[in-house]
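Single-structure report; data block below.
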Amino acid sequence: MSRHVAGDAMTLALEHLTIVDLSQVMAGPFCCQLLGDLGADVIKVEPVDRGDATREATGHRLPNGESAAFVAVNRNKRSIAIDLRTPGGLAAFHRLVRTADVVVESFRPGVAARLGIDYPSLREVNERIVYASISGFGQTGPYAHRPGYDLIAQAMSGIMSVTGEPTGAPVKSGVPVADLSAGLLCAVGILSACLARTVTGRGQAVDTSLYDAALAMSVWETAELWATGRAPGRLGSAHRVNAPYEAFPTRDSHLTIGANNARLWQRLCVALDRPDLLEDPRFATNTDRVRNRDQLSGELGATLAERDTDEWVELLLAAGVPAGPIRDYAQSCSDPHTLAREMVVEMDHPAEGTVRALGIPVKLSENAGAIRRVPPALGEHTDEILGAVGYSEADIEALRANGAVR
């Protein structure tokens, strides 16, 4: 298992990029953590009273009281606590922006303008700034000012209408796909804008939303809609355009099979000792198998129920058929492949001791990412960050005395 070691020395891909992170909760912090993992200096700007809302999240806490939700998406960042509603706090923030490359915010549209930290305001401070906004519904459109959450985005985008069993109620994806995909897309937008700036010398605004991201993930579903004129429905674990490509019960649990072309279908029938299925006109082509998916699932399920999952997976993989067991997270996070890919790492947290976290999912051959910092305490780096942009110790103490910083 990979272990975080403070002060790891290596050349990182984004080590010359400075990001001011105003975002909270998940989408924005996840975006900035990804960029921090790849070397960016991420300065997390938090309210002086309570910090990021996930610091006080009512969900799971680590043994010594730290918020598991905050720890999950805030490594590789430095924290500064500023009250942007005070003149001193706003001036300090503007000074940070002068030396930064990127600002990321997740306010509801209109809030940043009221605070004097919207893109037009900050462009006057630094014309090279890339200003990224993540919101529920985006900066424009009739829903722009609505509050937005992952659940709402999944519901309104259509994701919930296709999630769950055909005869069941609409179901939210178990993973917050709107939040996380918005963070991923925002990271792509930021890096694109930074690359464009090397040519133009100017920054620009990046606008994405949970709603846009949820729709962007719906490529198969919208393809079906526009090809057939009908809104797609729920299919459980099945695929929209291929069969068999779904989960099946076995004697002891469940497995997944992806025999989504003629060659793999033939291999599957041979491996299951079901040559009769190759002669069955209901399953002659992929189109036939999709059309008769329920009958196909019944035939395959009856055979698969005769053995245990591990036995079937070994047999199917040996036959060249893509297959895998359905695991819970305790199983997947201890899997040898997960560990070999360094997708579970350990960090030395000052309050919690050894803390496990997900690893870096992007592997660069020349500029590999690194976990250099554990998630920071609220305002842990206020003096360090302000000192770097020209504030004296006396200046910082004056700001602190006025409640502008913590």
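Keep in mind that the numbers below use all heavy atoms, side chains included, and drop hydrogens, waters and symmetry copies.
Each of Leu22, Asn74, Val20 was scored for a side-chain contact (heavy atoms from CB on, under 4.5 Å) with Lys44, with one residue passing: Asn74.
The backbone N or O of Gly65 sits less than 3.5 Å from a side-chain atom of Glu352, completing a donor-acceptor pair. Using modelled atom types, no side-chain atom of Gln139 and backbone atom of Ser133 make a donor-acceptor pair closer than 3.5 Å. Between the side chain of Arg240 and the backbone N or O of Trp220, no donor-acceptor pair lies under 3.5 Å. Here the side chain of Lys172 pairs no donor or acceptor atom with the backbone of Asp150 at under 3.5 angstrom. The backbone N or O of Gly138 lies less than 3.5 Å from no partner atom in the side chain of Asp207, so there is not a single donor-acceptor pair. Panel note: side chain Arg356, backbone Val344; no donor-acceptor pair is recorded below 3.5 Å. In this structure, the side chain of Asp383 does not engage the main chain of Ile396 through any donor-acceptor pair within 3.5 Å. In this structure, Asn286 contributes its side chain and Asn261 its backbone to no donor-acceptor pair below 3.5 Å. In terms of modelled atom types and a separation under 3.5 Å, the side chain of Glu46 and the main chain of Asp52 share a donor-acceptor contact. In this structure, the side chain of Ser157 does not engage the main chain of Leu215 through any donor-acceptor pair within 3.5 Å.
Using a 3.5 Å distance cut-off with no hydrogens or angles, the side chains of Ser332 and Asp335 do not pair a donor with an acceptor. Side-chain contact, Thr354 with Glu346: no donor N or O sits under 3.5 Å from an acceptor N or O. Between the side chains of Ser297 and Asp294, no donor N or O sits under 3.5 Å from an acceptor N or O. Between the side chains of Ser23 and Ser106, no donor N or O sits under 3.5 Å from an acceptor N or O.
You'll find the side chain of Ser161 stays beyond 4.5 Å of the side chain of Pro170, heavy atoms only. Residues Phe283 and Asp288 form no side-chain contact, since every pair of their non-hydrogen atoms from C-beta on lies 4.5 Å or further apart.
Phe137 CZ: more than 12 foreign heavy atoms inside a 6.0 Å radius. In this structure, Gln266 places its CD atom where only 12 or fewer heavy-atom neighbours from other residues, nucleotides or ligands lie under 6.0 Å away. The local environment of CZ in Arg85 is sparse, with at most 12 non-hydrogen atoms from other residues, nucleotides or ligands closer than 6.0 Å. Residue Glu314 qualifies as open at atom CD: its count of foreign heavy atoms under 6.0 Å is 12 or below. Counting heavy atoms of neighbouring residues, nucleotides and ligands inside a 6.0 Å radius, atom CZ of Arg50 exceeds 12 of them. Within 6.0 Å of CZ in Arg251 there are more than 12 heavy atoms belonging to other residues, nucleotides or ligands.
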query: Run the side chain to side chain contact (heavy atoms under 4.5 Å, CB included) check on Ile82 and Leu399 step by step: do they pass?
result: CA-CA 9 Å; Ile82 300 179; Leu399 288 173; over 6 Å; no
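In this structure, Pro376 and His381 approach most closely via the heavy-atom pair CB-CE1, 3.8 Å. Nearest heavy atom pair, residue Arg234 against residue Gly168, reads NH2-O, 2.7 Å. Across all their heavy atoms, Pro350 and Val374 have their closest contact at CD-CG2, 3.8 Å. Of all heavy-atom pairs between Asp21 and Pro29, the closest is OD2-CA, 4.2 Å.
Residues Asp83 and Arg406 are not paired through a salt bridge, judged by the lack of any N-O separation under 4.0 Å between the basic side chain and the carboxylate.
Put simply, CG on Asp37 and SG on Cys32 are 11.0 Å apart, with the number rounded to the nearest 0.5 Å.
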